[in-house]
Amino acid sequence: MIPLKDMITPVQDMTTIHTSLKEALEIMKQNGWNLLPVTDEGDNLVGVFTRSSLYRMIMDKRDLETSIEEYIKKKVSTLPITATYEEVEGIVRTSRVGTGVVVDHGERVMGLFTKTDMVLSLLKATNTLKEQLETVLTHSTIGVMMTDEFERVIYSNERVCKMLGISTSELHSAELLTVLPEIGQAIKHTDTIQPIKLDRLKAVLTMISYQNERNRVGHIFLFQDLSEVESIAQELESVKSLKLSLQTAIDHAYDGIMMTDEKQCIQMVSPSLLELFQMEQKDILFKKADNVFPQFRLSKVYESETAEVSDFKETNGIKYIVHRIPILQDGKVVGAIGKIMYRQLNEVSELFKKLQKAENKANYYHSQYQKAESAKFTWDHIISKDPYMEKLKKSAVKAAKGRSTILIRGESGTGKELFAHAVHNSSARKEGKFVVVNCAAIPEDLLESEFFGYEDGAFTGARNKGKIGKFDLANGGTLFLDEIGDMSLNLQAKLLRVLQEREFYRVGGTKRIQVDVRIIAATNRNLEEMVKEGTFREDLYYRLNVISFHIPPLRERVGDIHLLIGKMLTELNAALNTSITGMEPQASAILETYQWPGNVRELRNVLERAMTFAEHGRVQLEDLPEYMVGVRREKYIPTYLPDEKMAESAERNAIENALEKTKGNKAKAARILGISRSGLYEKIKKYQLVK
């Protein structure tokens, strides 16, 4: 409890027997005291001058300069500064005096103590205790809810609100039975209930009754979340099962196996090893490996952190070799395995060679898998001499150094994905994975499970062991969301939560997954218009549009066409096994004046087709697609629809030509145009080409 020294009012100016009535009156008035402690020159208490003493002097018509000596009360009850709270409380309860003098062990005055001091100190302590209690309840893993005598909720912490799925404002003053109808019968028959399990909340509920200041009965409910407990229990069971499986494997191992911990003490040993060295398990368990088997030199791998095989050794005429394998965790050796091979060593040697081949094969496939989830392109792969593109690349290099979300905009085929690859490869996350998700290519009902993964049995057809999602896969690296404008509103909301909280739940799961992923998004859609139409969330738009880059279409950087043709000819010659040395001027002129609605992708497709059909070592005019050089091309300048821009008209004419050429086959038309099928559908809808 509060010590007395923290409750007293200190006395700054001491009153003596020579103090005048006027001085005493001023001190009492200034401090609002009912008495003044009177001391000698050594600050020792000699008496008190009270308010009644003051009244007597006035009644006696004493002059203001008169000394108070004759009116001092000599017999005074004092409080020692060392008095306990319980002693002070007893004195306050029985004393009729409102103020007491506090002294030390030498009777020197330390200050005054009033009942008001005690009340204020208790109020301050109560408020402090209340704040501490509220802090504990706010950060507690236990949900707490309190009701009054009318079974209305008067308090709830954040934990219970999350468990019930109700906000604090909604829960406050709510009827208990509307929130927890399943405990209605329990509280009607008793003031306390035994802990009961609530399957709906995955929690155990404990109820405690209390009496308020009106002696009415209210209730306190404590909710213990079972999900964390069940998760820990499940992990313990998994560890026990794993240990049992490991022990079984060691017991039935063909050759001798020994396992040590981080202190190099033996934890497991196989019967075949004991048989070889004619030892008992109790003689070697939990002892230093080098002390029991110095010839194994198992401590070497704790220093080298590398697996190694010993030379031939011999015991009792039996030759054997030791395979020393370190157990690494987070780059630190936490144990080692000693594998002693001695039975049919020649056969084992052959098996070992096969094992090495299998390991090499597995490593190869693993490296190929790593490459599949890595960025392939750098800034050197983005060919351009356009001043705007050069400036754009420099800005993107600066942006790559940070952690901010990047939005890459531009028409289909302009190279948005190349930019995303290059940003990742020039960032601090370049050693991490680069995971690509095409939001337009994955069906909407599968997009959520692709993003976040799913737990075992989350839905019909799900894998038995569940599956991790793209966010899991990209943890520590970059996630590239292509065609972000084609994402459904429902998934947009979930993506926004991941971007804000850096956490998510798997489909069908209850465990919160924390991730550290940088987002790069790309789209050829007008997101601003989509926000206005309500097909794209405004809050997600602002979350993605932190740093935005717009890649200009190929028709706006005509100077790059010749540069790109030269680069592509070299690459396609190697890929197609052709020997095309260049292009005829007529063909080159057509390519440089064409509007390229499919941009760089269309240019590459056109070149690939032309090089395949070229028969004279150089690309001729007749090698180009008919929609570029046919009858429609002779007029060259296409007809325009009202209010239609030149680029849009060219794009519309190109799509019409491709559809006419393929007799309406949209998949073939998309390949000719060098755009995705979903992109073609968008263009057909845009230009109202559906008959």
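Everything numeric in this text was worked out from a predicted model, so none of it was measured.
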Margin query: Between Arg506 and Asp472 (salt bridge meaning N to carboxylate O under 4.0 Å), is one present in this structure?
Written below: yes
Margin query: Taking the basic N atoms (NZ, or NE/NH1/NH2) and the acidic carboxylate oxygens, is any pair closer than 4.0 Å for Asp516 and Arg403?
Written below: yes
Margin query: What I want to check is whether the side chains of Ser412 and Asn524 have a donor and an acceptor closer together than 3.5 Å.
Written below: no
Item checked: Glu411 bridged to Arg555 by N-O distance under 4.0 Å -> yes
Next item on the list: Return yes if some donor-acceptor pair links the side-chain N/O of Glu170 with the main-chain N/O of Ser167 below 3.5 Å, else return no.
Entry: yes
Item checked: Option from Thr612, Ile580, Leu607 for which side chain to side chain contact (heavy atoms under 4.5 Å, CB included) with Leu572 holds -> Leu607
Margin query: Regarding Arg525 and Asp486, does a basic nitrogen lie under 4.0 Å from an acidic carboxylate oxygen?
Written below: yes
Checklist line | Under 3.5 Å: donor-acceptor pair, side chain of Ser588, backbone of Pro585 | finding: no
Check: Do NZ/NE/NH1/NH2 and the carboxylate oxygens of Asp330 and Lys332 come within less than 4.0 Å?
Finding: no
Checklist line | From Asp482, Leu481, Ile484, residue fulfilling side chain to side chain contact (heavy atoms under 4.5 Å, CB included) relative to Val437 | finding: Leu481
Notebook entry, point to check: Less than 6.0 Å separating the ring centroids of Phe452 and Phe471?
Noted result: yes
Margin query: Do Glu656 and Tyr627 pair up side chain to side chain, a donor and an acceptor below 3.5 Å, judged on atom types alone?
Written below: no
Notebook entry, point to check: In this structure, which one of Phe480, Trp379, Phe377 forms a ring-ring contact (aromatic ring centres under 6.0 Å, His included) with His421?
Noted result: Phe377
Check: Looking just at side-chain N and O atoms, do Asn573 and Thr578 make a donor-acceptor pair shorter than 3.5 Å?
Finding: yes
Note to self: Checking Tyr594 against Glu602: is there a side-chain donor and acceptor pair closer than 3.5 Å?
What the structure shows: yes
